[in-house]
Structures are given as C-alpha cells and as structure tokens.
Novice: 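Sharing a structure, written as structure tokens. Questions coming.
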Amino acid sequence: MNILFFGPNGSGKGTQGAIVKEKFNIPHIETGVIFRDNISKGTTLGKEAKGYIDRGELVPDSITIPMILDRIKQKDCKEGWLLDGFPRNLTQAEALDKALKQENINLDIVIEIVLDRQIAKNRIMGRRLCVNDNNHPNNIYIDAIKPNGDKCRVCGGELKTRSDDQDEGAIDKRHNIYYDDKTGTVAAINFFKNLSAGSGGVPKIIELDGKPGVKEVAADLLGKLA
C-alpha cells in the first residue's frame, strides 16, 4: 500500500501516521531523514544536496525526487510505504506524480487531515511538556488533555513549553505554505483529488476531520482504511 499523508503542523499527523505504519507494516518515509541518510553515506545526490543545505538554500526537486524514488525502491518498501512531508507545493506534486508514473509505481491512497488554521495554531502553541515525561499529553487548548492548572494532568509534574511552539512567526510561515490553495500544500492535495476524480477514484482520497481527539480521529482513519 503506497500512501501520501498530508496535514498541517498541529493536526496530529505524526500520531496518525504511526497508526497507518503499524496497520500496514510499512516504512514511514520523511524527506529530512532521506537527506541525512544520503549525506552521511556520501552519495552523489547527498553531496549535491549538502551543497545547497550548506548555502542555506532549498534542495531542488531535481535532487529530492530521485532521492525519494531511490528510497521507495528499497527492499523494505516492497509491500508499500508512507511518504510524509512531501510534496509541499503544487509543482512538487506534479513532478512527483510524473516521476512515479515513469517508474510504474502506483500511488494507492492520499490521506488528508483537515483542520482549521487557527485551531492548528492554537494546538501548537497550547502544547505543554511534563518535566517528568514528555509523552504525558497536555494541551491547554484541547479539553481531553487539558492540564490541571499549571500541572501535568497525568502525574502532577511541572510543565514547560518548547520555544519553537511559541514562535508565532515560524508557525505562520509554515502554515502560509501549507494552507495556500493556489501553489502551496493544499494546492498539491487538490491536484491529487482532481487526479483521483479523473481516474476512477485512484488514488483513493481519505479526508479526516482533525477537530476531535486523537482516539476519535484514529477510529475514523482505521474505519476508512478498512
């Protein structure tokens, strides 16, 4: 099962992606990991990518997409893969679709977590980390996991925030790209929706309402994957 997974920062995409990975027993592929792996191994593409990264420039699609193709052709992807974090814009979606078709690689499912931009932002800024265990869920904007005042709802420990969770400028910058329906990530999602509509429902499009809690979204996801 070959899957693309979309969702804005703050939507719980990582948690739901882990559920998909476990259900199908397929690798979770992220472009950042692919870059680091190619750079550490000194591959030709890795050396080219490092040059751009060292200059503070974006790695072009002409390097990123071949890296992705190389990764999904590896043995552990024989039964499928879950690609997360790419494509980020319409141009990348079109290029990825073309590359997959040239390699006769099918895209089976596109999953999208739909969440209002302000809610997504609130969820990022509302995250609180327990000093005793970062895995204790606490978020001041989610009723189901709202802390007890300034104490962890699980163990009563002290809570702290991550500096990047409170950086409104950085959050807005990422969301500006994601929610752009002309050239950004939402435009990329719409590209695959249009592709599906014109190809008899291939790839299958799964939309998830991101507003409920993690368990409710997971149940919806598993039901639609059944």
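Just so it is clear, the structure is predicted and the values come from calculations on it, not from any experiment.
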Novice: Are Ile29 and Leu83 side-chain neighbours, meaning at least one heavy-atom pair lies under 4.5 Å?
Specialist: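 They are in side-chain contact.
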
Novice: Is there a path of hydrophobic side-chain contacts, each under 4.5 Å between heavy atoms, that joins Ile34 and Val59?
Specialist: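 In one cluster: yes.
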
Novice: What's the shortest heavy-atom distance between Asn134 and Cys130, and which atoms?
Specialist: OD1-O, 3.1 Å

Novice: Got Pro203 and Ile109 here, is their nearest side-chain heavy-atom distance under 4.5 Å?
Specialist: no

Novice: If hydrophobic clusters are built by linking Ile, Leu, Val, Met, Phe, Trp and Tyr wherever their side-chain heavy atoms come under 4.5 Å apart, do Ile19 and Val110 end up in the same one?
Specialist: no

Novice: Output yes when Glu216 and Lys211 qualify as a salt bridge under the 4.0 Å nitrogen-oxygen rule, no when they do not.
Specialist: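 Between Lys211 and Glu216 there is no salt bridge, as every charged N stays at least 4.0 Å from the carboxylate O atoms.
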
Novice: Please determine if Arg71 and Asp37 form a salt bridge, counting it only when a charged side-chain N lies under 4.0 Å from a carboxylate O.
Specialist: no

Novice: Any salt bridge linking Glu207 with Lys224? Criterion: basic side-chain nitrogen under 4.0 Å from a carboxylate oxygen.
Specialist: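 No, this pair does not count.
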
Novice: Rounded to the nearest 0.5 Å, what's the gap from CD1 on Ile124 to CD1 on Ile171? Could you check?
Specialist: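 Spacing of CD1 (Ile124) from CD1 (Ile171) equals 4.5 Å.
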
Novice: For the residue pair Gln16 and Ala218, what are the closest heavy atoms and their distance?
Specialist: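 Answer, listing the atom of Gln16 first, then Ala218: OE1-CA, 3.2 Å.
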
Novice: Could you tell me whether the side chains of Arg117 and Asn122 share a donor-acceptor contact shorter than 3.5 Å?
Specialist: no

Novice: For residues 4-24, pull every pair meeting ring pair (Phe, Tyr, Trp, His ring centres under 6.0 Å), keeping only residues two or more places apart or in separate chains.
Specialist: none

Novice: Got a salt bridge between Lys204 and Asp108, using NZ or NE/NH1/NH2 to carboxylate O under 4.0 Å?
Specialist: no

Novice: Just verifying a value: how many Å separate Arg162 CZ and Asp167 CG, rounded to the nearest 0.5 Å?
Specialist: 11.5 Å

Novice: Looking at Arg127 and Asp164, is there a salt bridge between them, counting it only when a charged N and a carboxylate O are closer than 4.0 Å?
Specialist: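 No.
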
Novice: What's the spacing between Asn190 CG and Thr185 OG1 if we round to 0.5 Å?
Specialist: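 These two atoms lie 11.0 Å from each other.
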
Novice: Of Ile142, Asp165, Asn9, which is the lone residue that meets side chain to side chain contact (heavy atoms under 4.5 Å, CB included) with Arg123?
Specialist: Ile142

Novice: Sequence neighbours left out, what passes ring-ring contact (aromatic ring centres under 6.0 Å, His included) with His175? Give chain and number order.
Specialist: Tyr179

